[in-house]
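Chain letters run A, B, ... following the sequence lines, proteins first, then strands; residues in each count from 1.
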Amino acid sequence: MTTETIPTVAADDNQIITERRNKLAAIRAAGVAFPNDFERKNLAQTLHDQYGEKTHDELEALQIKVAVAGRMMLKRVMGKASFATLQDMSGRVQLFLSNDGVGEAEHTAFKHYDLGDILGAVGVLFKTKTNELSVRVSQVRMLTKSLRPLPEKFHGLADQEQKYRQRYLDLITNQDAREVFKKRTKIIQAIRDFFIRHDYMEVETPMMHSIPGGASAKPFETHHNALDMKMYLRIAPELYLKRLVVGGFEKVFEINRNFRNEGLSTRHNPEFTMLEFYEAYRDYRYLMDFSETLIREVAQKVLGTTLISYQGKELDLGKPFHRLTMVQAVQKYHPQFSDAQLNDRDFVINQLKDLKAKHRPTDGLGGLQLSLFEELAETKLFEPTFIIDYPVEVSPLARSSDSNPQITERFELFVVGRELANGFSELNDAEDQAARFDAQVLAKDAGDEEAMFKDNDYVRALEYGLPPTAGQGIGIDRLIMLLTDSASIRDVILFPHMRAE
RNA sequence: GGGUCGAUAGCUCAGUCGGUAGAGCAGCGGACUUUUAAUCCGUUGGUCGCGAGUUCGAAUCUCGCUCGACCCA
């Protein structure tokens with residue numbers, strides 16, 4: 001910055017902000033208003049960890065000098081002495097200031113500091129008479145003047161919209177929000193560790209695709225100016241990851257963003273984080289065992305237990321996950337239906353009509369069973385359940401079953417009534433894949449906006465030979481919702497998508 | 001897209017039957033040298049989301065719009 005103009009105090013509609021701007025102007029007039037030479041040497045939590053158990057007398061004998069910095073969250077002024085609570089990335093620590101300690105002039109200046117100001121303080125550790133570890137301050141400095149008042153100190157930020165739009169305020173004031181996002185980071189770290197330990201290679205594949213593929217979803221479109229071509233934000237990394245398996249990277253994974261041009265809900269954000277992994281010489285049965293282990297280990301590592309509570313209901317991720325076909329899942333909650341009935345096209349169609357459920361009457365039996373499953377069972381699957389044997393018509397990238405060509409070696413995992421993962425033995429028959437793509441193109445031409453495009457290079461890759469491979473995607477945001485007991489996906493995404501203000 | 005609920009001081013919230021706006025926190029002034037959401041006294045601060053309508057009079061009733069939460073599609 002080369003400007004030397006001193007900003008003037010701006011007129012503001014809020015008297016509190018005006019007052020703070022005036023204070024800042026006075027600080028500017030007195031010298032450097034935004035000093036960056038304060039050396040923070042200690043974190044609040046580290047001090048509690050190291051010295052929290054020491055007695056008053058032990059600390060007096062040790063005379064431990066500390067330099068802490070952070071945002072002032074609470075302030076209690078009592079004439080010739082004051083207390084303040086400083087918050088840093090690790091936690092909080094109390095400051096004690098007095099005329100004796102910092103001098104009358106500095107203490108008087110401190111009395112006009114505001115909640116939200118960022119301070120640096122040096123001093124000596126001691127215990128108050130209520131046995132709280134505190135810093136007896138010998139010097140306190142304003143490092144950053146805060147111009148806007150914080151949300152009310154006791155209730156914090158309550159307005160849901162403001163929590164999402166101004167996440168920084170949510171994080172400043174709300175311990176629970178901070179904990180959720182710290183856990184998010186730990187969960188992703190634990191997943192990464194798990195795959196690396198199992199000899200997987202982490203890769204990055206394109207976010208911008210010329211042919212969107214790997215899932216049935218509407219893509220976001222954009223345009224590449226220099227090449228003058230339409231591009232799409234990816235809806236899934238699947239086809240690129242399998243190209244890598246063709247290339248000989250036999251165990252790969254990617255944790256990254258997908259983009260889907262769909263509505264918003266408590267379970268959907270237009271950009272969301274997906275884990276996808278592929279392993280050669282494995283099948284979908286191996287994947288189910290593997291993902292059970294993964295989820296169990298992540299819970300154990302991050303939460304210290306596999307016993308979790310979600311929205312008031314208990315759940316043990318340590319127990320074996322259920323495995324059911326769609327028909328079995330429907331029967332679990334509606335035992336009045338017989339196998340014969342659920343395998344009768346007309347019967348299933350009539351049930352769907354009675355339920356006023358969306359379905360395509362042109363679908364095969366499998367597609368209709370899927371619609372019935374979604375209507376009658378999906379949201380009831382609270383305990384982890386793999387639903388297996390998905391119909392081939394809705395699984396254009398999955399290997400069909402050798403015993404029944406109408407179904408695929410595919411599963412989806414449901415927990416707390418929500419889809420969490422999708423995996424299958426990969427279709428590695430290039431000619432079959434080409435035919436499945438062609439069927440998708442026909443569906444797209446017939447108006448199915450979510451049908452897939454044909455990716456000729458992907459077919460070409462398969463023609464070189466994809467080993468028998470199993471692959472899976474896990475919705476990371478939903479997994480984090482599960483492990484942090486969050487009701488909405490917006491509560492686990494730092495900056496969820498919102499309408500423009 | 002449909003339904004329900006919500007939007008009042010910087011924040012958290014009251015606001016009766018339609019009668020001209022309230023509290024706590026924060027701020028400002030004062031008291032106070034071990035407080036813990038400090039306390040006590042005094043005090044400033046409002047486009048009642050936006051726009052129409054009804055009415056002598058609207059935060060309040062009606063309609064439309066914007067934004068959000070939840071449910072449904």
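A gap of 23 Å separates the C1' atoms of B:U55 and B:G49, to the nearest Å. With both ends at atom P, the span from B:U62 to B:G45 equals 33 Å, rounded to whole Å.
Taking the six-membered ring where tryptophan is involved, the planes of A:Phe259 and A:Phe220 are perpendicular, since the angle between them exceeds 60° and thus also 30°. Ring geometry for A:Tyr232 versus A:Phe453: interplanar angle of 30 to 60°, hence tilted.
The base of B:U33 does not come close enough to the side chain of A:Asn99 for any donor and acceptor atom to sit less than 3.5 Å apart. The base of B:U35 sits with one of its N or O atoms less than 3.5 Å from a complementary donor or acceptor on the side chain of A:Gln94.
With B:G10, B:A69, B:C28 as the candidates, the nucleotide lying closest to the side chain of A:Glu19 is B:C28. You'll find that the side chain of A:Met498 is closest to B:A69, out of B:U12, B:G10, B:A69. Counting only heavy atoms from C-beta on, A:Glu152 has its side chain closest to B:C11 among B:C11, B:U34, B:U44. Listed nucleotides: B:U34, B:G27, B:C67. Nearest to the side chain of A:Thr128: B:U34. Among the nucleotides B:U12, B:U33, B:A69, the one closest to any side-chain atom of A:Tyr164 is B:A69. The side chain of A:Lys153 lies closest to B:A38, out of B:C70, B:A38, B:U33. Counting only heavy atoms from C-beta on, A:Gln15 has its side chain closest to B:G45 among B:G29, B:U35, B:G45. Nearest to the side chain of A:Ile16, among B:G27, B:C71, B:U12, sits B:G27. With distances taken from any side-chain atom of A:Pro151 to the nucleotides B:U12, B:C11, B:C70, the minimum falls on B:C11. Of the candidates B:U34, B:G10, B:G29, B:G29 carries the atom nearest the A:His112 side chain, counting heavy atoms from C-beta on.
B:C70: Watson-Crick or G-U partner is B:G3, with both key distances under 3.5 Å. Pair assignment for B:G27 gives B:U43, based on Watson-Crick or G-U wobble hydrogen-bonding distances that are each under 3.5 Å. Across every strand in view, B:A59 sits unpaired, with no contact that passes the Watson-Crick or G-U test at under 3.5 angstrom. When Watson-Crick and G-U wobble pairs are counted only if both distances are under 3.5 Å, B:U34 pairs with no nucleotide at all. Within the shown strands, B:G22 is the pairing partner of B:C13 under the Watson-Crick or G-U definition, both distances less than 3.5 Å. Both distances falling under 3.5 Å, in either a Watson-Crick or a G-U wobble arrangement, place B:G64 opposite B:C50.
Contacts of A:Thr266 with the nucleic acid, taken as non-hydrogen atoms under 4.0 Å apart, involve only primed sugar atoms and P, OP1 or OP2. In this structure, A:Thr173 reaches neither bases nor backbone, as no heavy-atom distance under 4.0 Å exists between it and the strands shown.
If you take NE2 of A:His497 and C1' of B:G68, they are 13 Å apart, rounded to a whole angstrom. In this structure, A:Leu157 atom CG and B:C13 atom C1' are separated by 14 Å, rounded to whole Å. The distance from atom CZ of A:Arg92 to atom C1' of B:A37 is 10 Å, rounded to the nearest whole Å. Atom NE2 of A:His155 and atom P of B:G10 are 18 Å apart (whole Å). One interatomic measurement links the two molecules: NZ of A:Lys111 to P of B:A26, which rounds to 16 Å at whole-angstrom precision. If you take CD of A:Gln166 and P of B:C67, they are 17 Å apart, rounded to a whole angstrom. The NE2 atom of A:His107 sits 12 Å away from the P atom of B:U34 (whole-angstrom rounding). Distance A:Lys129 NZ to B:U33 P: 12 Å, rounded to the nearest Å.
Judged by distance alone, the side chain of A:Arg410 and the main-chain N or O of A:Asn422 form no donor-acceptor pair under 3.5 Å. Distance alone, capped at 3.5 Å, places no donor-acceptor pair between the A:Arg92 side chain and the A:Ala44 backbone.
Here the options are A:Tyr390, A:Phe321, A:Phe386, A:Phe424, the test is ring pair (Phe, Tyr, Trp, His ring centres under 6.0 Å), and the partner is A:Phe411; only A:Phe386 passes.
Phosphate contact (OP1/OP2 of B:A26, side-chain N/O of A:Arg148, threshold under 4.0 Å): absent. For the pair A:Arg499 and B:U66, the criterion of a side-chain N or O lying under 4.0 Å from OP1 or OP2 is not met. For A:Ser82, no side-chain nitrogen or oxygen approaches OP1 or OP2 of B:U33 to under 4.0 Å. One finds no side-chain N or O of A:Lys80 lying less than 4.0 angstrom from the OP1 or OP2 phosphate oxygen of B:U35. Taking side-chain N and O atoms only, A:Arg20 has no distance below 4.0 Å to OP1 or OP2 of B:C28.
Between A:Arg267 and A:Asp477 there is no salt bridge, since no side-chain N of the basic residue sits under 4.0 Å from a carboxylate O of the acidic one. Using a cut-off of 4.0 Å between Lys/Arg side-chain N and Asp/Glu carboxylate O, A:Arg136 and A:Asp100 are scored as not salt-bridged.
Annotation: of the two residues near RNA chain B, A:Gln162 and A:Phe126, the 5′-most nearest-nucleotide partner is A:Gln162. Between A:Asp491 and A:Asp114, the residue anchored nearer the 5' end of RNA chain B, judged by the nucleotide with its closest heavy atom, is A:Asp114.
Figure legend: cation-pi geometry between A:Lys313 and A:Phe382, with NZ or CZ positioned under 6.0 Å from the six-membered ring centre and within 45° of its axis.
Non-hydrogen atoms lying under 4.0 Å from RNA chain B are contributed by A:Leu74, A:Lys75, A:Arg76, A:Val77, A:Met78, all within residues 62-78 of chain A.
Within a 6.0 Å sphere centred on NZ of A:Lys75, heavy atoms belonging to other residues, nucleotides or ligands number more than 12. Heavy-atom contacts from other residues, nucleotides or ligands closer than 6.0 Å to NZ of A:Lys54 number 12 or fewer.
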